[in-house]
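Following: one structure in C-alpha cells, then a few remarks.
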4 protein chains.
Amino acid sequence: MPQQEPVDQWIQELINMGDEKMTEKQLKIVQAAVEVFAEKGYASSSTSEIAQKAGVAEGTIFRHYKTKKDLLISIVSPMMSKLLAPFVLNDFKEVLEGEFPTLEGFLYAVAVNRLHFARKHLKIIKILLQEIPFQPVLQEEFKQHIARRVIGRFTEIIEHFKAKGEVIDMPTPVLLQFAISAMIGLFITHFIILPDQPWDEEQEIRHTVNLILHGMSAPQL
Amino acid sequence: MPQQEPVDQWIQELINMGDEKMTEKQLKIVQAAVEVFAEKGYASSSTSEIAQKAGVAEGTIFRHYKTKKDLLISIVSPMMSKLLAPFVLNDFKEVLEGEFPTLEGFLYAVAVNRLHFARKHLKIIKILLQEIPFQPVLQEEFKQHIARRVIGRFTEIIEHFKAKGEVIDMPTPVLLQFAISAMIGLFITHFIILPDQPWDEEQEIRHTVNLILHGMSAPQL
Amino acid sequence: MPQQEPVDQWIQELINMGDEKMTEKQLKIVQAAVEVFAEKGYASSSTSEIAQKAGVAEGTIFRHYKTKKDLLISIVSPMMSKLLAPFVLNDFKEVLEGEFPTLEGFLYAVAVNRLHFARKHLKIIKILLQEIPFQPVLQEEFKQHIARRVIGRFTEIIEHFKAKGEVIDMPTPVLLQFAISAMIGLFITHFIILPDQPWDEEQEIRHTVNLILHGMSAPQL
Amino acid sequence: MPQQEPVDQWIQELINMGDEKMTEKQLKIVQAAVEVFAEKGYASSSTSEIAQKAGVAEGTIFRHYKTKKDLLISIVSPMMSKLLAPFVLNDFKEVLEGEFPTLEGFLYAVAVNRLHFARKHLKIIKILLQEIPFQPVLQEEFKQHIARRVIGRFTEIIEHFKAKGEVIDMPTPVLLQFAISAMIGLFITHFIILPDQPWDEEQEIRHTVNLILHGMSAPQL
DNA sequence: TATGAATGAGCGTTCATTCAT
DNA sequence: CATGAATGAACGCTCATTCAT
C-alpha cells in the first residue's frame, strides 16, 4: 500500500513559499489573466479583456504589473519552482530511503502528489508549457535553476537503484527521459488532450508506474 | 538488423499527396511563414514580416491565402496527416505481419522513420503543437479524422500481440499511451528541449524501444 | 565705476513679494516641478515623476494645486513680475536721475543685476520662455500687466535721453527693441545656448552696453 | 540703394535642395503636422489630430514616419540647414566682396532675404525654436554641422572689416553675438511676439542695420 | 497576377485626477 | 493634511486586410 502523506508533508512548505500577499484586486487580475491566457494564449489575449473579466479598470493592471509580459511572468514563473519543488528538497534522499522501502511506493506517491498539484493548477501549467518556447526568461529559469538540479536529483536516485541491481544497466539519461516521458504523457493525455474523458486515476497511475518499473527493471538472472 | 526501407516505401505515396503545385512566390511565402511562425508563434508573427522575409509584397500573401489564419492552416493541417499517415495505411497490418516478424523490429523501423520525418519538418511540427490548443479547425482534424483511426490501428496491433501472449494484460489505452509517450518524449527532448545537444540517435531509439517492450512484455511463466 | 547696490535695493522689496508661506512639502513639490519641467518641458513631464522627485505622494500635489497647469502657472507667473519688477518701480525715474548721472552707468547696473537674478532663477525662466506661447494665462499677464508698463517706462527713459540729445533720432520702439534684444541675446547665449562655456561676465556686459550706447548715440555734430 | 537679387540667387540653389518628392498624402500630413505642432507644441499634439486635419487615417502617418518624433525631425531638421544655408555658401566671401562694396548694403540684403525666408516658413521655425532644447538630434545638428561653420564664416567677415579699420576693436564673439541678437530680436519681435502688429519692414530693417553698424563702427579719429 | 499605399480597429501603456482611508 | 490605489480617457503605434493600379 503506497503511502502518500509524507511526500505531501515535505512538499507543503515549499508550495506555500511565495504565496505573497495580494490585494483583492490584484488577485482578481491574476485569476482573470490565468483564465484568458489559458483560453486564448498569451499573445492573443488583450489586457482590456483581462481587465473586464477581473472587474477592474485597464489602468489598474499596469499599476500592479509594469507590462503585460510582467503579468505573464509573475503568474507563470513561480509555478515552475512549485511544480518541481519536491524533487529539489534537501532531505529528499533521506525521506526516500526512510519512508519508501520500495521504488514503486515512492514513484506512486510522487506521481499522485504531482498529479493532484497539476490538476489544481492546470491552467497555469498550460500557459507555462505554451510560453516557455517564446519567453527567454522562462527558459533561463528552467535551464539554470530548475532542470539541472532536478535532473541531478533524479540521476542520484536512478543510480542508487542501479547500484542495488534493481535497475537495468542503460545510460541514466535515457532511463530518466523514459520515466519522465511516461509520467508526463499520462498527465498531458488526461489533463490536456482529453480533459473531459473520465478515468480511473489511481489505477492508471499504478499501471503506468508498473510499466515504467517493469521496463527499467534489471533482467532476472 | 532492423529494416527500414519497406516502411519508407509505403509512406512515400502518402507524403506526396497534397504537395500541390505552387508558384515560386507561394513557396517562398510558405517557407517564410514557417520560419516566422516557428520563431515567434503564430499570434506574434506579422504578415508584413513574412512578406518581407519572402521577398513579396504584403498584398501577395492575401492573394493566395484569404487570411493569416488560412496561411497557418494550409501549412499545418497537411502536416498532421503526413505525420500520422503511415499508421493509417490500408495494408498496414499485412505489411506488419509480412515484413516484421518481431514487434521490436517493427517499432524500431517506425520510430526511425518518424524521427527522420520529424527532423525534416521540425518547424512545422513545432507550429502544429503550439497551435492545436487554439485552432478548433486543427483540433477537429486531430480528433475526428486522425486520432481515432490511428488509435484504432494501434489498438489492433497491441491486441494482436496481446493475443499472442507477448504483451502484458493491461488496458490497451494505458499501454498505448505509455508507448506513445515514451516515443514522443524522445522526440521532444532531443528536437525541442535540447536541439543543440548531440545524441546517438540510433542507440537511444533502440534503448527506448527496448524499455517500452520490456515494460509491456508479458511476465515469463 | 558703475554702482550696483542702489539698484539692488529698490529691487529687493519686489522680489520678496509673493514669497508666500509654503509648507515644507509644498516647497519640495515646487522644486521638483521646476527641475522636471525645465528638463523635459511642461507637457512631457508627469506629475508622478514630480511627486517621486519631491518625495511626496502623487495625491499631495493635487491637494496644493488643483491641476498640473495650476502648478505650472503658480511657479512661472510670479517669475514674470519679479523679472521685470525693477523697471516698474514707482520711483524708478527718480532713482535713475538721482543715482545714475550717466546712461552707461545705469544700463550697466541694471544689466548686472538682472543677469544675477536670471542666473539664480535660470530654470524657471527657461520654463517661462518655453510655455508663454502655449499658455494664454501667461500671455495675458505678459501683455496686459507687464509689457505695457515696462515698455512705457523704457520709452520714458529713452525719450528723456533723446531730449537731452544723447540718443539718435529714431523711432523709440526700434531703439527699445534694439537695446533689449542685445541684452537678452547676451543672456540667452551664455545661459541657454552655451551654459558650460566660461565667460568674462563683467567685461562682456560692459562691451555689450557700449555697443548699444554707441549704436544709439546721436551723431556728433 | 541696397541690392537684393544677387543674394537671392546664390541662396536659391541651396533652398531647393532637399525638397524631396512627396506623395500628396504625405504633403498633407506634413502640412497638418506643422499646423498642429506650431499651435500646441510637439508634445501636446496628438497624431490623431494631425491625421484628422490632414484628412488621412492615423495609420497612414506611421507608414511614412516611423514615429511621431520622426515626423517632427523630418519637418524641422531640413529647415535648420535652409535657414543658415546662405552663410555657408562656398563663394560667400567673393560674392560679398564683388557685389557689396559696403558692409551696410550686404547686411541689409542678407537681412531682407532671411526675413522673407523666415516669414515664409514661420511655423516651422517656431517649432524648431521650441524643440531644440528637448531634441538631442536637433542640438547635435545645430552644434556640429551648422553653428560652427556659420560662426566661422561670420568671424571671417567681421575680421575682414576689422582689418579694414571699419569695425571697432572688440572681441569678435562679442561683436558677432551683438549683431546676431539685434537681427534675431527684430525677427522674434515682429513675427512671434507681435505677429499682428503692422510694421514698416524695410525701414525697421534699415534702422536696425544702422544701429548695429553704428554700434560696431570704429571711432573716427 | 502582383503590388504597396491606405485603412481603422485594436493594442499596450501612460497619466492627470479622484477619493476612501 | 497626506496617502496611494484606482480610474478611464487618450495616447502612439501595429496590423490584417482591401483595392486601385
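Source: prediction; values computed, not measured. Note on naming: letters A, B, ... go to the chains in the order of the sequence lines (proteins, then strands), and numbering restarts at 1 for each one.
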### Message
For C:F37, does the six-membered ring have the charged nitrogen or CZ of C:K68 within the cation-pi criterion, i.e. under 6.0 angstrom from the centroid and within 45° of the normal?
### Response
no

### Query
Between C:E58 and C:S48, does any side-chain donor sit less than 3.5 Å from a side-chain acceptor?
no

### Task
Check whether any side-chain heavy atom of C:I192 sits under 4.5 Å from a side-chain heavy atom of C:L129, and report yes or no.
yes

### Message
Any residue in residues 62-69 of chain D with a heavy atom nearer than 4.0 angstrom to DNA chain E? Just list them by number, or reply none.
### Response
D:R63, D:H64

### Message
Give me the stems containing DNA chain F, sorted by first residue, counting only three or more consecutive Watson-Crick or G-U pairs with both distances under 3.5 Å; say none if there aren't any.
### Response
E:2-21 with F:2-21

#### Entry: Basic-acidic side-chain contact under 4.0 Å: B:K40, B:E49
yes

### Message
When you measure from the side chain of B:S77 to the backbone of B:S74, do you find a donor-acceptor pair of N or O atoms at a distance under 3.5 Å?
### Response
no

### Query
Is the backbone N or O of A:G41 less than 3.5 Å from a side-chain atom of A:S44, with the two atoms forming a donor-acceptor pair by type?
no

#### Entry: Working for side-chain contact (heavy atoms from CB on, under 4.5 Å), residues A:I75 and A:L128
CA-CA 9 Å; A:I75 287 171; A:L128 175 61; over 6 Å; no

### Task
Return the value, rounded to whole Å, for the distance between atom CD of D:E24 and atom C1' of E:dG4.
17 Å

#### Entry: Nucleic acid contacts of residues 37-59 of chain A, taken as heavy-atom distances under 4.0 Å to DNA chain F
A:V56, A:A57, A:G59

### Polar side-chain atom of A:E141 near backbone of A:M80 as donor-acceptor pair, under 3.5 Å
no

### Query
Does the distance from a Lys or Arg side-chain N to an Asp or Glu carboxylate O, for A:E35 and A:K53, drop under 4.0 Å?
no

